[in-house]
Amino acid sequence: MSKGKANTIAVQAGINSDKHYGSVVPAMHLSSTYSLKGFNEKREYDYSRSGNPTRTSLGDVIAELEHGSTGIITGTGMSAIHLVCQLLSADDTLLIPHDCYGGSYRLFTHLADRGLFKLLVVDQTDANALQQALSEKPKIVLIETPSNPLLRVVDIAAICKAAKDVGALVAVDNTFLSPLLQNPLDLGADIVIHSTTKFINGHSDIVGGAVVTKDAELGETLTWWANCIGITGSPFDSYLTLRGLKTLPVRLKQHQQNTDDLIAFLQNHPAIERIHYPGLTDHPGHELAKAQQKGFGSMLSFEIKGGVEQVKTLFAKVKLFTLAQSLGGVESLISHPSTMTHAGMDLEAQKVAGISQTLIRVSVGIEDSKDIIEDLEQALNATLSAE
Ligand SMILES: *Cc1c(COP(=O)(O)O)cnc(C)c1O
């Protein structure tokens with residue numbers, strides 16, 4: 001029986017699963033170990049690194065929302081990405097976008113430097129460069145769309161098709177949109193990765209990750225590795241994430257409304273040089289985003305006029321916005337990709353990726369949009385008179 005639409009699945013996660021006491025909200029199982037029924041008679045769970053009921057509930061619901069077979073919960077988003085790297089041997093090639101998440105870029109380049117696999121870094125919006133890279137027959141192609149921090153959009157279905165032609169697996173980091181706004185497995189991907197730290201938990205009080213596979217056998221392999229390396233997520237974080245997930249549908253509605261309001265304001269502000277947001281009709285990925293996403297999301301970036309003084313002034317003046325990395329929480333955050341999220345990329349790589357010193361990234365929260373706009377307005381106004 002179908003459990004209903006995505007919003008319903010998110011809200012109903014784990015509800016009424018307690019057969020013992022009938023608790024409506026699922027219990028949190030903190031025990032690290034589980035008794036055997038008798039000699040060589042195992043129960044469903046034996047040891048919490050290998051399996052835990054609270055973590056299973058979360059993995060199952062994220063897999064269901066992504067239309068996959070297996071959901072693996074890891075301690076962080078980075079460990080979810082690292083888990084996928086376990087599929088690579090020294091002769092295998094991983095193909096990544098040139099503007100992927102800074103932490104992912106750091107992980108891939110350092111593992112590749114140690115000879116654990118080969119790495120190809122390409123601008124995936126450049127069809128020729130992509131085709132040439134695929135001709136080297138990578139084992140895995142990683143996609144991140146919309147990208148961080150420039151919100152570039154790539155065609156998941158087209159890349160999956162081209163990747164299939166050369167026998168590559170496709171993994172999509174779907175963190176920026178959440179399973180409610182984009183489902184890469186439906187577009188032909190094999191693996192979806194989430195940093196659950198962001199929208200899925202949504203309250204900035206855990207770090208966590210998830211890997212969802214379409215294929216059950218691939219799911220088994222990665223489940224085996226997650227236990228083997230010991231990167232499975234904690235029951236407490238899983239519990240909090242299940243709790244956060246229930247309000248994802250209503251949070252996303254408010255995130256979207258506030259983002260639409262903020263964009264309308266930014267478009268008319270004299271301190272703004274350029275806005276990067278797929279919801280704008282002149283964004284190069286607008287039509288694609290409209291087709292493959294169920295919403296444009298609440299992440300955006302913009303360049304301000306001037307230089308480093310203007311950037312400093314903006315960050316000094318904001319009051320409602322918190323100067324912090326991360327995203328997807330209920331509170332509005334503002335950050336400077338070059339010195340924060342993307343510091344793991346050297347300046348040359350940043351330049352190639354299009355990350356300038358005046359680029360500002362915003363994660364729009366669910367506060368009242370009038371307050372959000374008022375705060376940015378006074379801070380942007382101050383940059384106009386900064387020397
Ligand atoms: C935050 C983030 C990660 C890393 O997740 P952590 O939970 O911080 O380890 C990976 N990819 C994207 C797109 C992210 O935003």
Side-chain angles (χ1 to χ4, degrees), residues 4-11 13 61-62 64-68 77 101 125 143-159 172-189 192-204 210 212 244-267 275-302 326-333 361-369 372-373:
K5 303 198 185 314
N7 290 356
T8 307
I9 293 167
V11 173
V61 69
I62 296 177
E64 196 175 351
L65 289 170
E66 285 290 10
H67 310 151
Y101 175 71
T125 61
I143 297 177
E144 222 182 285
T145 178
S147 73
N148 180 13
L150 287 164
L151 289 298
R152 293 194 183 101
V153 178
V154 295
D155 190 334
I156 298 176
I159 297 179
V172 179
D173 184 333
N174 204 22
T175 299
F176 260 42
L177 288 174
S178 92
L180 295 187
L181 295 185
Q182 181 167 271
N183 294 123
L185 299 185
D186 294 349
L187 300 167
V192 171
I193 301 163
H194 281 283
S195 165
T196 55
T197 310
K198 317 294 168 54
F199 287 99
I200 291 180
N201 180 59
H203 293 74
S204 308
V212 177
L245 177 63
K246 290 177 195 303
T247 56
L248 180 60
V250 286
R251 279 189 280 119
L252 286 179
K253 271 188 204 153
Q254 195 61 45
H255 278 300
Q256 191 64 64
Q257 183 59 56
N258 288 357
T259 306
D260 293 347
D261 293 350
L262 180 62
I263 289 280
F265 157 77
L266 290 174
Q267 280 184 294
I275 305 172
H276 305 274
Y277 184 63
L280 290 169
T281 51
D282 61 358
H283 183 283
H286 178 69
E287 289 304 322
L288 197 53
K290 221 159 104 177
Q292 78 184 3
Q293 302 175 193
K294 296 176 184 120
F296 295 114
S298 52
M299 291 304 299
L300 61 105
S301 60
F302 54 80
S326 199
L327 59 108
V330 291
E331 69 288 323
S332 292
L333 299 179
R361 192 188 79 179
V362 166
S363 172
V364 185
I366 64 169
E367 304 92 342
D368 193 306
S369 71
I372 292 174
I373 290 170

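Only this structure's heavy atoms are used, side chains among them; waters, hydrogens and symmetry mates stay out.
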**Q** Any chance you could lay out the side chain to side chain contact (heavy atoms under 4.5 Å, CB included) test for Ser369 and Gln257, step after step, and finish with the verdict?
**A** CA-CA 8 Å; Ser369 71; Gln257 183 59 56; 6.0 Å; no

**Q** Looking only at non-hydrogen atoms, find the nearest pair between Ser326 and Thr197 and report the distance.
**A**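 Nearest heavy atoms, Ser326 then Thr197: OG-CG2, 4.3 Å.
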
**Q** Output yes when a side-chain donor or acceptor of His286 lies under 3.5 Å from a complementary backbone atom of Pro278, and no otherwise.
**A**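 Such a contact is found between His286 side chain and Pro278 backbone.
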
**Q** Side-chain contact test, heavy atoms from C-beta onward, threshold under 4.5 Å: evaluate it for Leu65 versus Leu180 and give yes or no.
**A**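 Heavy-atom side-chain distance check passes, below 4.5 Å.
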
**Q** Give the minimum heavy-atom separation between Gln256 and Gly295, together with the two atoms involved.
**A**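 Scanning both residues, the minimum pair turns out to be OE1-C, 4.2 Å.
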
**Q** What closest approach, in Å, do Ile9 and Gly4 show between heavy atoms, and which atom pair accounts for it?
**A**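 Heavy atoms of Ile9 and Gly4 come nearest at CD1-O, 3.4 Å.
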
**Q** Would you give the length of the straight line joining atom CD of Gln292 to atom OG1 of Thr145, rounded to the nearest 0.5 angstrom?
**A**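 Between atom CD of Gln292 and atom OG1 of Thr145 there are 5.0 Å.
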
**Q** If you take all heavy atoms of His255 and Val364, which pair is closest and at what distance?
**A**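 Between these two residues, the closest heavy atoms are ND1-O, 2.7 Å.
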
**Q** Please name the pair of heavy atoms, one in Val154 and one in Ile143, separated by the smallest distance, quoted to 0.1 Å.
**A**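 For Val154 versus Ile143, the nearest heavy atoms are CG2-CG2, 3.6 Å.
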
**Q** Is a side-chain N or O of Ser147 found less than 3.5 angstrom from the main chain of Arg152, in a donor-acceptor match?
**A**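 It does hold such a pair.
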
**Q** Of all residues at least two apart in sequence or in a different chain, which pass the side-chain contact (heavy atoms from CB on, under 4.5 Å) check with Thr196?
**A**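 side-chain contact (heavy atoms from CB on, under 4.5 Å) list for Thr196, sorted by chain: Ile62, His194, Ile200, Ile206, Ala210, Thr241.
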
**Q** Quick one: are Asn174 and Phe199 in side-chain contact, heavy atoms under 4.5 Å?
**A**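 A side-chain contact under 4.5 Å is absent here.
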
**Q** Measuring only between side-chain heavy atoms, which start at C-beta, is Leu187 closer than 4.5 Å to Val172?
**A**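 No, their side chains stay 4.5 Å or more apart.
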
**Q** Can you tell me how far the CG atom of Asn148 sits from the CG atom of Asp173, to the nearest 0.5 Å?
**A**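 Going from CG on Asn148 over to CG on Asp173, the span is 9.0 Å.
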
**Q** For the residue pair Ala13 and Leu245, what are the closest heavy atoms and their distance?
**A**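 Closest pair (atom of Ala13, atom of Leu245, distance): CB-CD2, 4.3 Å.
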
**Q** Do other residues, nucleotides or ligands put more than 12 heavy atoms under 6.0 Å from the NZ atom of Lys294?
**A**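 Counting other residues, nucleotides and ligands, NZ of Lys294 exceeds 12 neighbours.
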
**Q** Check whether any side-chain heavy atom of Leu266 lies under 4.5 Å from a side-chain heavy atom of Leu300, and answer yes or no.
**A**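 SC-SC contact between Leu266 and Leu300 confirmed.
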
**Q** If we ignore hydrogens and angles and just use 3.5 Å, is the side chain of Asp155 paired with the main-chain N or O of Ala157 as donor and acceptor?
**A**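 Checking the backbone N and O of Ala157 against the side chain of Asp155, a donor-acceptor pair under 3.5 Å is found.
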
**Q** Show, in sequence, the C-alpha distance, side-chain angles and deciding distance for Tyr277 and Thr259, and conclude whether the side chain to side chain contact (heavy atoms under 4.5 Å, CB included) test is met.
**A** CA-CA 10 Å; Tyr277 184 63; Thr259 306; 3.6 Å; yes

**Q** So, do Phe176 and Lys198 sit near enough that their side-chain heavy atoms are less than 4.5 Å apart?
**A**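 Of all side-chain heavy-atom pairs linking Lys198 with Phe176, none is under 4.5 Å.
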
**Q** Just so I know, are the side chains of Ser178 and Leu252 near enough to count as touching, which here means a heavy-atom distance under 4.5 Å?
**A**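 Side chain of Ser178 against side chain of Leu252, heavy atoms only: contact under 4.5 Å found.
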
**Q** Quick one: pull up CZ in Phe296 and CG in Leu177 and give me the separation to the nearest 0.5 Å.
**A**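 Nearest 0.5 Å value for the CZ-CG distance: 10.5 Å.
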
**Q** Would the distance check show the side chain of His283 and the main-chain N or O of Ala289 forming a donor-acceptor pair, the cut-off being under 3.5 Å?
**A**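 No: the side chain of His283 does not pair with the backbone of Ala289.
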
**Q** Side chain to side chain contact (heavy atoms under 4.5 Å, CB included) between Ser298 and Asn258: does it pass, once the steps are laid out?
**A** CA-CA 8 Å; Ser298 52; Asn258 288 357; over 6 Å; no

**Q** Do Ser195 side-chain atoms and Thr175 backbone N/O form a donor-acceptor pair below 3.5 Å?
**A**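 Checked: no pair found.
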
**Q** Below 4.5 Å, heavy atoms only, C-beta onward: do Gln267 and Ile263 meet side chain to side chain?
**A**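 A side-chain contact under 4.5 Å exists here.
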
**Q** Measure the shortest side-chain to side-chain distance between Pro146 and Gln293 over non-hydrogen atoms and say whether it is less than 4.5 angstrom.
**A**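 Yes; the side chains approach each other to less than 4.5 Å.
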
**Q** Does Ser332 reach the main-chain N or O of Gly365 with its side chain, forming a donor-acceptor pair under 3.5 Å?
**A**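 Side chain of Ser332 to backbone of Gly365: a pair is present.
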
**Q** Please check: side-chain N/O of Glu367 versus main-chain N/O of Ile372, any donor-acceptor pairing under 3.5 Å?
**A**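 Flag not set: sc Glu367 to bb Ile372 has no pair under 3.5 Å.
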
**Q** Got a sec, which residues hit side-chain contact (heavy atoms from CB on, under 4.5 Å) with Val330, two or more places apart in sequence or on another chain?
**A**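 His203, Arg251, Ile366.
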
